[in-house]
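Accompanying notes for the structure given below.
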Amino acid sequence: MVDTSLAGGGLAAARPDQRPNAPVGSADREGSGPVLQIASAQAARVGGREVPSAVARPIARPGTLRILLRNPAAAVGLAILFTVAVVALLAPLVFPGDPLDIAGPALLRPGTNAAFPFGTDSLGRNVAAGLAHGARITLTIGLAAAGLGLLIGVLVGSVAGYFGGRLDDLLVKLTEIFQTVPPFVLMIVLVAIFQPTVPTIITAIGIVSWPGVARVVRAEFRSLRNKDFVVAARGLGFGHRRIIFREILPNALPPIIVTASVMVAGAILAESAMSFLGLSDANAVSWGSMIGMGREQIRTAWYLTAIPGIAIVLTVLALNLIGDGLNDALNPRLSRSR
Amino acid sequence: MSNGTRVLKALRRSTLQAIPTLGVILVLNFFLLRLAPGDAAEVMAGEQGVATEESMAAMRKLFGLDIPVLDQFVAYINNLLHFSLGYSPRYGMQVEDLIAQRLPGSILLMGVALVFALGIGIFIGTVMARYVGRLPDRILSVVSLVFYSVPGFWIGLMMVVLFSVTLGWLPSGSDQTIGADYSGLEWLWDRVSHLILPALSLSLVFIAIYARLTRASMLESQGQDYVRTAAAKGLSPRAITFRHVLRNALLPVTTMAGLHFGTLLGGAVVVETVFSWPGLGRLAFESIMRRDFNVLLGILLLSSILVMIANVITDLVQAWLDPRIEVR
């Protein structure tokens with residue numbers, strides 16, 4: 001897993017026309033979801049003058065999604081991810097039955113048989129069915145593992161950043177320990193020890209990937225904990241839990257959201273590497289395990305390795321494009337640094 | 001405070017801090033591995049196809065697995081204090097000797113990959129920053145994002161298909177031609193040709209990271225006063241880019257490179273497996289699969305120490321490069 005703090009810096013400054021704080025502030029409020037809420041929270045913080053008070057909650061305004069769709073790179077990313085998600089959802093309908101079953105003659109090349117558009121592997125299994133069912137596993141593991149890592153990271157980071165002092169020292173130390181043991185090695189140790197199944201793989205990736213988020217969240221909390229709205233919330237007698245989760249966290253969300261999209265990408269890459277090594281659920285197809293199995297025929301049937309790899313690259317690329325787009329939309333500070 | 005004392009102070013502080021961290025890592029690793037079902041005796045018996053109670057018990061006694069876990073831990077710590085990482089029944093040798101055999105291969109691979117990543121990455125980043133917002137920048141931004149999204153093991157396999165199977169230019173595995181008795185330039189080319197594909201596969205992600213980082217920090221330093229001063233005194237854009245902007249932008253890049261040691265080692269596990277490269281990463285993976293825990297513990301301990309050393313060196317280099325950085 002790669003440090004996510006620089007996830008955006010790259011594309012950000014290239015598009016001055018996309019500077020997000022300008023168009024956000026329209027008053028119409030059709031639709032509101034979690035994403036929209038975030039945009040408003042950020043707008044409030046960036047505006048500086050209109051810091052949300054403990055009493056008046058930031059009003060949801062449409063923005064982020066629209067900015068994201070107007071950014072061509074992010075729109076492409078969303079389109080790819082949407083396609084992968086649809087394929088994953090429809091897999092059991094289009095390719096009923098177990099994708100690990102023998103479906104036809106072995107080693108059919110792609111495009112030679114209409115029933116097997118991506119060909120078959122050395123055991124006669126349908127590559128297209130494997131891809132579709134693999135999309136389910138890949139997305140499930142990617143989302144769940146990133147969700148777990150996010151949960152742990154947000155909890156550790158917010159508690160450390162909010163309370164400070166001894167507790168902070170302790171949690172920072174814990175974060176450092178997890179950053180000292182090489183993450184991928186720790187991950188394969190965990191999966192090998194607790195047997196490779198979907199839940200253990202999710203847990204292992206989650207356990208290894210939280211320190212990055214924890215650092216981001218801690219930094220945000222440290223910078224926000226003495227702001228006026230937090231002081232006001234304390235004055236109103238709100239408890240720590242309410243201040244952390246309902247006052248500070250919504251205002252700290254933008255960098256967390258950007259980190260999250262990159263974490264899903266990282267989790268998918270980690271899963272594919274592990275299942276390539278053979279550390280995957282034996283009863284489920286995943287793109288990485290398809291590459292691992294196809295590798296044995298790499299000299300004769302290289303398409304068996306190439307096709308699932310392209311699926312991984314496209315999915316991860318889509319998530320990174322979305323991450324960049326979110327970064328442009330939510331972190332105007334970076335866009336202005338030119 | 002002079003530069004020398006600052007650096008020494010930082011060094012002492014990091015060393016003192018490293019010891020308890022290392023202790024915690026050691027304890028956690030040891031007991032984590034003891035949670036695993038199965039042990040080396042079981043794996044070996046399974047492979048040999050003979051597993052009487054007596055032979056298993058004898059093997060466990062030989063490997064030191066027959067005593068209670070806490071006693072095993074005490075024995076392990078005792079070994080460590082005598083600078084021994086224990087014995088690997090699998091390889092029939094001391095773990096420290098085994099690691100010493102494999103470490104140079106990994107260091108070579110990781111070092112060359114890092115050089116590739118820094119060289120190509122900083123070059124791409126500089127080009128992107130100079131043409132910011134224009135076509136070269138946009139194309140390279142997409143290229144670096146693709147690099148960032150490609151699994152290293154997969155691009156390694158694809159390069160094997162292209163350069164080894166189809167074109168026949170480069171070997172597809174190992175670190176040298178086995179059985180060949182080359183010398184001089186022939187030997188050098190043999191080693192280099194074996195190194196290119198794995199090092200490139202390992203470096204791809206880092207090329208992307210350093211390119212984006214270089215671009216971002218160059219854009220940031222372009223707005224600084226000293227750049228305006230340099231322009232005002234009539235320096236050419238080229239001199240400004242290389243002597244003022246890039247030099248200052250490299251600080252965060254070197255910092256990140258130092259912090260990437262652990263990630264690089266993780267990548268090496270997969271890449272070394274793809275290219276049958278005799279290194280530490282593949283040894284780690286094999287010892288997990290074979291429940292050869294002394295080897296695994298040794299590798300985890302050593303790699304944690306190496307990560308810490310890399311962090312300390314990064315801190316020191318930073319403190320040395322930039323006197324404004326406070327030594328805590």
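The figures here come from the full heavy-atom set of this structure, side chains too, leaving out hydrogens, waters and symmetry mates.
The shortest heavy-atom contact between R299(A) and S172(B) is NH2-OG, 3.3 Å. Residue L269(A) comes nearest to S149(B) through the heavy atom pair CD2-O, 3.9 Å, listed as atom of the first residue, atom of the second, then distance. Closest heavy-atom contact between P182(A) and G262(B): CB-O, 3.7 Å. Scanning all heavy atoms of the two residues, the minimum distance from L321(A) to L145(B) falls at CD2-CD2, 3.2 Å.
Atoms CG and CD, from N311(B) and E176(A) in turn, are 8.5 Å apart once rounded to the nearest 0.5 Å. Remark: I193(A) CD1 to I288(B) CD1 distance equals 8.0 Å, nearest 0.5 Å. If you take CG on D324(A) and OH on Y148(B), they are separated by 9.5 Å, rounding to the nearest 0.5 Å. Between the CG atom in L28(B) and the CZ atom in F178(A) there is a gap of 7.0 Å [rounded to 0.5 Å].
With a threshold of 4.5 angstrom between heavy atoms, M289(B) approaches chain A through side-chain atoms but not through N, CA, C or O. Residue I305(B) does not touch chain A at all, counting heavy-atom pairs closer than 4.5 Å. Only the side chain of L279(A) has a heavy atom closer than 4.5 Å to any heavy atom of chain B.
Ranked by heavy-atom pairs under 4.5 Å with chain A, the list V24(B), T214(B), L32(B), L306(B) is led by L32(B). Ranked by non-hydrogen atom pairs under 4.5 Å with chain B, the options T305(A), T315(A), I312(A) are led by T305(A). In terms of heavy-atom pairs under 4.5 angstrom with chain B, the leader among I177(A), I268(A), L319(A) is I177(A). Across P20(B), S304(B), A129(B), the residue that shares the most heavy-atom pairs under 4.5 angstrom with chain A is S304(B).
Around the CZ atom of F82(A), the shell of radius 6.0 Å holds no more than 12 heavy atoms that belong to other residues, nucleotides or ligands. Residue-environment remark: CZ (F194(A)) exceeds the threshold of 12 foreign heavy atoms within 6.0 Å. By the neighbour-count criterion of 12 heavy atoms within 6.0 Å, atom CZ of R215(A) is sparsely surrounded, having that number or fewer from other residues, nucleotides or ligands. Dense packing is recorded around CZ of F30(B), with more than 12 heavy atoms of other residues, nucleotides or ligands lying under 6.0 Å away.
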Evaluate side chain to side chain contact (heavy atoms under 4.5 Å, CB included) for I291(A) paired with F153(B), printing each intermediate quantity in order. CA-CA 9 Å; I291(A) 297 178; F153(B) 65 91; 3.9 Å; yes
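Side-chain atoms of F276(A) and V274(B), non-hydrogen and from C-beta on, do get closer than 4.5 Å to each other. The side-chain heavy atoms of F285(B) and L277(A), taken from C-beta on, include a pair separated by under 4.5 Å.
W154(B) places no side-chain N or O within donor-acceptor distance of the main-chain N or O of A273(A), the cut-off being under 3.5 Å.
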Pair up each side-chain donor or acceptor in residues 184-191 of chain A with any protein partner under 3.5 Å, not counting sequence neighbours, and list the distances.
none

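Applying the side-chain hydrogen bond (donor to acceptor under 3.5 Å, both in side chains) rule to S164(B) yields no partners; only residues at least two apart in sequence or on another chain are considered.
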